[in-house]
Asks: 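Let me give you the structure first, and then I'll get to my questions.
Chain identifiers are assigned alphabetically (A, B, ...) following the order of the sequence lines, protein sequences preceding nucleic acid strands; residue numbering begins at 1 within each chain.
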There are 2 protein chains.
Amino acid sequence: MDRRPVTLEEVARVAGVSRATVSRVVNGVATVDRELRQVVERAISTTGYAPNRAARSLVTRRAGAVGLVLPDEGRTLHDPYFGRVVSGVMPVIRPLGVQLVLTTTDPGGHQEVVDDVRQRRLDGVILIHTHGADPLPRLLTEANLPVVLAARPLRPMAITYVDVDQAAGAALAVDHLVDRGCRRPATITGPLDAPAGQDRLRGFREAVARHGLPEPLVVEGDFSREGGAAAARRLAGEVFDGLFVASDLMATGALPVLRNRGLRVPEDVKVVGFDDSSPAVECDPPLTTVRQPVEDMAAEMARLLVERVERPDRPNASVVFAPTLVVRRSS
Amino acid sequence: MDRRPVTLEEVARVAGVSRATVSRVVNGVATVDRELRQVVERAISTTGYAPNRAARSLVTRRAGAVGLVLPDEGRTLHDPYFGRVVSGVMPVIRPLGVQLVLTTTDPGGHQEVVDDVRQRRLDGVILIHTHGADPLPRLLTEANLPVVLAARPLRPMAITYVDVDQAAGAALAVDHLVDRGCRRPATITGPLDAPAGQDRLRGFREAVARHGLPEPLVVEGDFSREGGAAAARRLAGEVFDGLFVASDLMATGALPVLRNRGLRVPEDVKVVGFDDSSPAVECDPPLTTVRQPVEDMAAEMARLLVERVERPDRPNASVVFAPTLVVRRSS
DNA sequence: CTGAAAGCGCTTACAG
DNA sequence: CTGAAAGCGCTTACAG
């Protein structure tokens with residue numbers, strides 16, 4: 001029953017060759033004689049051999065695993081965004097035999113990730129949703145570990161990242177509102193100490209100016225539903241006919257506030273969100289919103305990471321994707 | 001810069017002891033002399049030593065990693081349920097230094113998982129959402145690998161699983177509807193070839209009978225939003241004042257159909273869902289629903305799994321959790 | 001309580 | 001193209 005697993009040694013014995021040759025066949029080294037290869041392959045399948053990864057890792061100095069690091073707040077974990085990232089990463093690393101290890105950073109620091117890296121259990125790391133103050137990106141790059149960020153870092157630094165063109169997304173929203181006849185724009189921004197918050201506001205402002213519209217109303221939110229509601233309340237008494245909310249979740253908080261004020265959406269105010277997350281579909285009315293190609297972005301992150309694991313000397317890169325507009329009933 | 005990482009050997013040299021002694025200190029073996037231990041600890045911290053996990057795995061025959069296996073359909077991945085599972089598992093395995101590896105089963109089979117297991121990259125596996133026909137549970141248990149299922153298997157088999165008392169959840173819903181004055185119950189079931197679908201229907205029927213209510217209306221759904229809408233349409237022309245929908249997602253499909261028929265919720269029909277997933281909060285009106293203690297259940301899965309990794313001789317166990325009712329505006 | 005030594009299962013120069 | 005041999009960095013009986 002629980003007999004020891006088959007080793008390379010055994011396969012070699014059955015095939016009547018050296019361990020080195022079996023190893024070469026297993027790893028697809030091209031120089032092996034065709035006939036010998038077949039003998040070995042037969043021995044592998046009759047013995048049911050599977051290579052022990054720990055032994056291989058020990059000599060190759062490769063864990064064969066990359067980490068996906070999420071902030072522990074739960075927010076991210078329960079966000080469909082997370083699932084989309086996983087869907088994007090999987091298809092690129094799996095064919096390479098690379099495992100995806102999930103890590104959440106503990107409040108007390110990042111000991112988990114750092115340990116996994118120091119113990120060589122992780123060849124590289126994809127970092128999701130780091131705050132500006134997060135020391136982890138620097139910690140890891142300084143340790144010479146391949147790292148890819150899921151967004152532009154707050155402060156410029158030498159690091160590889162993938163992002164969506166946030167400003168272009170905001171512009172998409174404004175163009176659409178203008179197209180629908182809006183002349184008095186307003187926005188509920190994200191937190192302005194986050195790159196996404198900053199960039200979406202900048203894109204909004206630039207597009208508003210480009211269309212020759214009056215100075216827009218701007219209130220700051222924090223990407224949460226409650227923050228959206230609070231921001232919408234601060235808009236009470238103001239006059240506007242188009243509202244760009246920098247995240248769908250905030251929009252679901254803002255919508256009821258508008259309704260209570262007697263404003264109909266989209267008749268009196270047209271609303272556009274950002275993210276195309278599930279709340280956008282479920283809220284009433286369903287939300288027109290800016291969508292990021294998250295799966296594609298995640299696949300690109302994986303590709304960049306794997307590349308840097310293979311070739312640590314590769315220079316940093318940043319790849320920026322174009323957002324798209326998803327039109328629903330709120331506009 | 002990229003100098004070789006510190007090894008046990010080096011620490012031993014610095015501390016003036018043997019590798020065996022350093023190993024014992026690292027692994028917390030109690031029998032080491034107090035003074036020696038301190039010397040070694042100092043050497044570890046001055047050298048910045050971190051044990052190489054591949055080397056350890058090779059001799060201990062433990063990967064130090066468990067797999068979380070999800071069906072590849074995307075459904076699960078984008079479901080907040082998934083995030084809740086991860087939140088539950090993490091706190092129990094992390095302090096043990098065990099990694100969580102994410103795997104989705106490929107449509108063509110389960111080669112990924114099976115390979116990871118055969119290569120000893122995974123010590124055990126948590127299986128989420130397996131269908132009745134899924135060969136994976138049997139495949140893995142026959143290979144003598146510790147496995148924990150996230151639900152009762154469709155066909156009885158010798159396996160460890162954690163579940164919620166589905167029937168009790170349905171009964172909770174019925175009791176609540178009756179409490180709110182409903183006398184004519186109806187239900188939209190899950191797929192009846194799935195344990196959850198079966199058990200929720202059984203619990204519903206038993207509770208209806210217990211309350212002495214008339215024979216209820218029963219239409220089968222499939223746990224999807226569209227399935228919920230379709231089922232609700234099949235209810236057209238029927239008279240009922242309480243509707244138990246076997247998943248929140250189906251309820252979000254059913255709600256608009258009821259509204260189009262001129263039925264007000266909760267005035268004309270009271271509706272109770274199942275899962276307490278995010279759609280329950282976002283739909284209109286917010287849904288009264290049956291909640292599973294997913295985080296607790298996931299933590300228990302992790303505990304059972306780890307236990308079986310340590311002691312493979314442990315007999316199978318099944319743990320069933322009690323559901324709770326979350327009351328919102330739909331009832 | 002501590003150390004010398006064997007061994008875990010691979011890969012990879014190095015010869016030939 | 002193939003094999004003998006060294007070595008990756010640990011743990012763990014086994015003596016003492």
Asks: Between C/dT2, D/dC10, D/dT2, spot the one nearest the side chain of B/Thr31, thanks.
Replies: C/dT2
Asks: Taking the nucleotide of DNA chain C with the closest heavy atom to each, which residue, B/Val32 or B/Arg61, is nearer the 5' end?
Replies: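 Here B/Val32 is the residue nearer the 5' end.
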Asks: Given atom CZ of A/Arg62 and atom P of D/dC8, what is their separation to the nearest angstrom?
Replies: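 My rounded result for the distance is 17 Å.
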Asks: Just the rounded figure in Å: distance from C1' of C/dG7 to CG of B/Leu58.
Replies: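 Going from B/Leu58 (CG) to C/dG7 (C1'), I get 9 Å.
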Asks: Of the nucleotides C/dC10, D/dA4, D/dT12, which has the atom closest to the A/Ser18 side chain?
Replies: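 Per side-chain heavy atoms of A/Ser18, the pick is D/dA4.
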Asks: Counting just side-chain N and O atoms, does B/Ser23 come under 4.0 Å of either OP1 or OP2 of D/dT11?
Replies: yes
Asks: Does B/Arg308 reach the main-chain N or O of B/Pro315 with its side chain, forming a donor-acceptor pair under 3.5 Å?
Replies: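 Present.
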Asks: Any Lys/Arg nitrogen of B/Arg152 or B/Asp163 sitting under 4.0 Å from an Asp/Glu carboxylate oxygen of the other?
Replies: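 Salt bridge absent between B/Arg152 and B/Asp163.
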Asks: Rounded to the nearest angstrom, tell me the gap between atom CZ in A/Arg19 and atom C1' in C/dT11.
Replies: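 Value for this atom pair: 10 Å.
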Asks: For D/dT11, does either OP1 or OP2 sit under 4.0 Å from a side-chain N or O belonging to B/Asn27?
Replies: yes
Asks: Given C/dA4, C/dT11, D/dT2, which nucleotide is nearest the side-chain atoms of B/Ala20?
Replies: C/dA4
Asks: Is there a donor-acceptor pair under 3.5 Å between the side chain of A/Ser87 and the backbone N or O of A/Gly83?
Replies: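 At least one qualifying donor-acceptor pair exists.
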Asks: State the CE-OG1 distance between A/Met90 and B/Thr103, to the nearest 0.5 angstrom.
Replies: 5.5 Å
Asks: Paired with D/dT2 by Watson-Crick or G-U wobble geometry, both distances under 3.5 Å: which nucleotide is it?
Replies: C/dA15
Asks: Would you kindly give the CG-to-C1' distance between B/Asn52 and C/dC8, to the nearest whole Å?
Replies: 13 Å
Asks: Rounded to whole angstrom units, what separation is found between the CZ atom of B/Arg53 and the C1' atom of C/dC10?
Replies: 19 Å
Asks: From CG of A/Leu36 over to C1' of D/dG3, roughly how many Å is that when rounded to an integer?
Replies: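 A/Leu36 atom CG is separated from D/dG3 atom C1' by 11 Å.
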Asks: Rounded to whole angstrom units, what separation is found between the CD atom of A/Gln119 and the P atom of D/dT11?
Replies: 11 Å
Asks: Take atom CZ of B/Arg24 and atom P of D/dT12, then tell me their distance rounded to the nearest Å.
Replies: 10 Å
Asks: Have A/Arg53 and B/Ser57 got a donor and an acceptor in their side chains that come within less than 3.5 Å?
Replies: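 No, because no side-chain N or O of A/Arg53 sits under 3.5 Å from a partner of the opposite role on B/Ser57.
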